[in-house]
Amino acid sequence: MFKVSICTAIATSLFFLLFSSPPKLSYHSLYISSSLSDNASISHHLYTLTRRPHIAGSKANADAAAYVLSTLSSYAVRSHIVSYDVALTYPVSRSLTLIRPTPEPSTTFDLRQEIYDGDPYADVASEVVPTFHAYAKSGTVAGPVVYVNYGRVEDYEVLKEMGVSVEGTVVLARYGKIFRGDIVQNAFAAGAIGAVVYTDRKDYGGGGGDARWFPDDKWMPPSGVQVGSVLTVDGDPTTPGWASTRDECERLSEEEVENGGGVGMIPSLPISAADGEAIMRTIGGQVANDDWQGSTDAPVYRVGPGPAILNLSYTGEQKITTIQNVFGVIEGTEEPDRFVLLGNHRDAWTFGAVDPNSGTATLLEVAQRLRKLQKRGWRPRRTIVLCNWDAEEYGLTGSTEWVEENREMLASKAIAYLNVDSAVSGAGFYASATPQLDELLKQATQQVQDPDNSSQSIYESWVGSSNSPIIGRLGGGGSDFAAFVQHVGIPATEISFGAGYPVYHSMYDDFIWMKNFGDPNFHRHAAVASIWGLVALRLADEEFLPFDYLSYAYELQVCILS
Ligand SMILES: *[C@@H]1O[C@H](CO)[C@@H](O)[C@H](O)[C@H]1NC(C)=O
Ligand SMILES: *[C@@H]1O[C@H](CO)[C@@H](O)[C@H](O)[C@H]1NC(C)=O
Ligand SMILES: *[C@@H]1O[C@H](CO)[C@@H](O)[C@H](O)[C@H]1NC(C)=O
């Protein structure tokens, strides 16, 4: 694929050294210089993209696609939209009642996230989707409640050792250690008939009794709920392995999908810290282990079963819905049929200021800086493709369908896929990569200044006091790189500032949260744009692809020996 004779290579390099002016390298330093970065437009893009909730399939998210398209076009990036018709689910009705032993009264929870005094988004709060689990099973179940900690396989083993059976019960699990689809799947496997998942104050609420929460602090308010998908397969579950093209493609029936097991197999609901704690107070039985307990001022957690009964009812609706992937293309001059892809998703469960539009605003910043380079004469050697995916939240759907439609093309033309999901949720640089890109990431972070400490590079703060930085791997999926790594097998990265944030997937993930707690001056966004774009520029411009296979060999050895 990359056959270039040594002589041609040397001759071409010499040619560039002598005649191309300024050399690519100086464009790359210009790209990361503060003169090109523009925190005001990053802030403006984020504000505009998050003015309204924009769940996949909504009019608001189609409007957001139009905004991305027109912004890319305004930066002279050739842009277009590719749509798919995919099976998404939306909530129709939900109810949750806690039935205490007589004569205690029952409680029916209102399942609403509260707006606060002065909330600038109060006018559009009714557009926020009711709290639900996408692809949860519809149905009504009632059973004694059992507390299952984080709902991991090992948590069920602990319960078994305690002699507690979850057969026929409704489990109360807390979010935080594993994917919510696996929480529901593990509950089903253990024999539960329903699952309720809450955000414990210990993990999301700032812990102690005098904790403050959003908008006064970064923590999740007591009524905040983490919405999300429980799909455990990638892409549209009605078109496994093929693309959901708009021309009436073949589909599995809902029954066939359910038999496949990738969707929720029992009814489930996400709930708030306040509701989770109210349920917890009614659970009797043995006291749970220390590491199963809540924050210091929380009630003592017991495992049950019962005596209280949880009655959970959920009805969802599957709809074939049109989604929009937006693409911007900057064509390469010498190898136009070699692609360096940068991707981020646009759809959000609510306002999406962190997840994912901090990434979208950063993608637009990359486009703007590349435009500034072009005005100074830069042209990429290879083609750069900017991708803005839809329906990632449902199951990496927009990216997966596109990869399914273009697998052969990508296998022969794609050089690398560089993902940014949430660009910024706080301080500290985090990266994951396939190993041949480790070195490139290290080099890029050595060139970019730490946005939180101008006397060091991002690399220095990333490494801290250890010898080398921690680079995660991409095997577990979790964002739009999955289809590129798993279906096409190309090198990929995922980068961010901050790893996790308390208001994740709740109604409080809005611009105010970002402005007050995530990135007050938008310098972390600008830093992500610098690293993301610099890695892309080196992959797009260097004659010899800057892959490092020593790291790959080492990683393979570790895998084989462990
Ligand atoms: C559970 O709730 C549903 C829906 O609100 C209701 O129809 C049903 O009677 C309740 N079941 C029990 C056992 O309370
Ligand atoms: C900023 O970086 C310098 C150089 O690495 C270091 O000595 C200093 O402690 C850092 N300051 C903070 C506040 O972390
Ligand atoms: C951009 O950065 C400058 C310098 O730190 C700061 O004064 C300004 O408020 C920032 N702009 C935004 C929109 O955050």
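As the structure lists them, so they are numbered: ligands from 1, and atoms in each ligand from 1.
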Taking only non-hydrogen atoms of Phe522 and a 4.0 Å limit, the atoms of ligand 3 in range are 14 (O)
Ligand 3 atoms nearer than 4.0 angstrom to some heavy atom of Asn39 are 1 (C), 2 (O), 3 (C), 8 (C), 10 (C), 11 (N), 12 (C), 14 (O)
Between Gln368 and Ser41, a side-chain donor and acceptor under 3.5 Å | yes
Q) Purely on distance, is any nitrogen or oxygen of Asn311 under 3.5 Å from one on ligand 1? A) yes
Partners passing side-chain hydrogen bond (donor to acceptor under 3.5 Å, both in side chains) against [X] (at least two apart in sequence or in another chain):
X      : result
Ser33  : Ser35
Asp480 : Ser399
Thr140 : Ser313

Within the 4.0 Å heavy-atom cut-off around ligand 2, the contacting residues, ordered by chain and number, are Asn453, Ser455, Gln456
In ligand 1, the atoms that come under 4.0 Å of a heavy atom of Ile99 are 14 (O)
Counting from 1 in the order shown, the ligand 1 atoms closer than 4.0 Å to a non-hydrogen atom of Ser95 are 5 (O)
A quick test of your reading: do over 12 heavy atoms of other residues, nucleotides or ligands sit less than 6.0 Å from CD of Glu114?
no
Q: Please indicate whether Trp513 has more than 12 foreign heavy atoms, meaning atoms of other residues, nucleotides or ligands, lying under 6.0 Å from its CH2.
A: yes
Looking only at distances, please establish whether an N/O atom of ligand 3 is found under 3.5 Å from an N/O atom of Ser43.
no
Given the options Asp390, Thr360, Asn357, Arg346 meets side chain to side chain donor-acceptor pair (under 3.5 Å) only with Asp390
For Tyr27 and Leu537, indicate whether the former's side chain and the latter's backbone hold a donor-acceptor pair under 3.5 Å. no
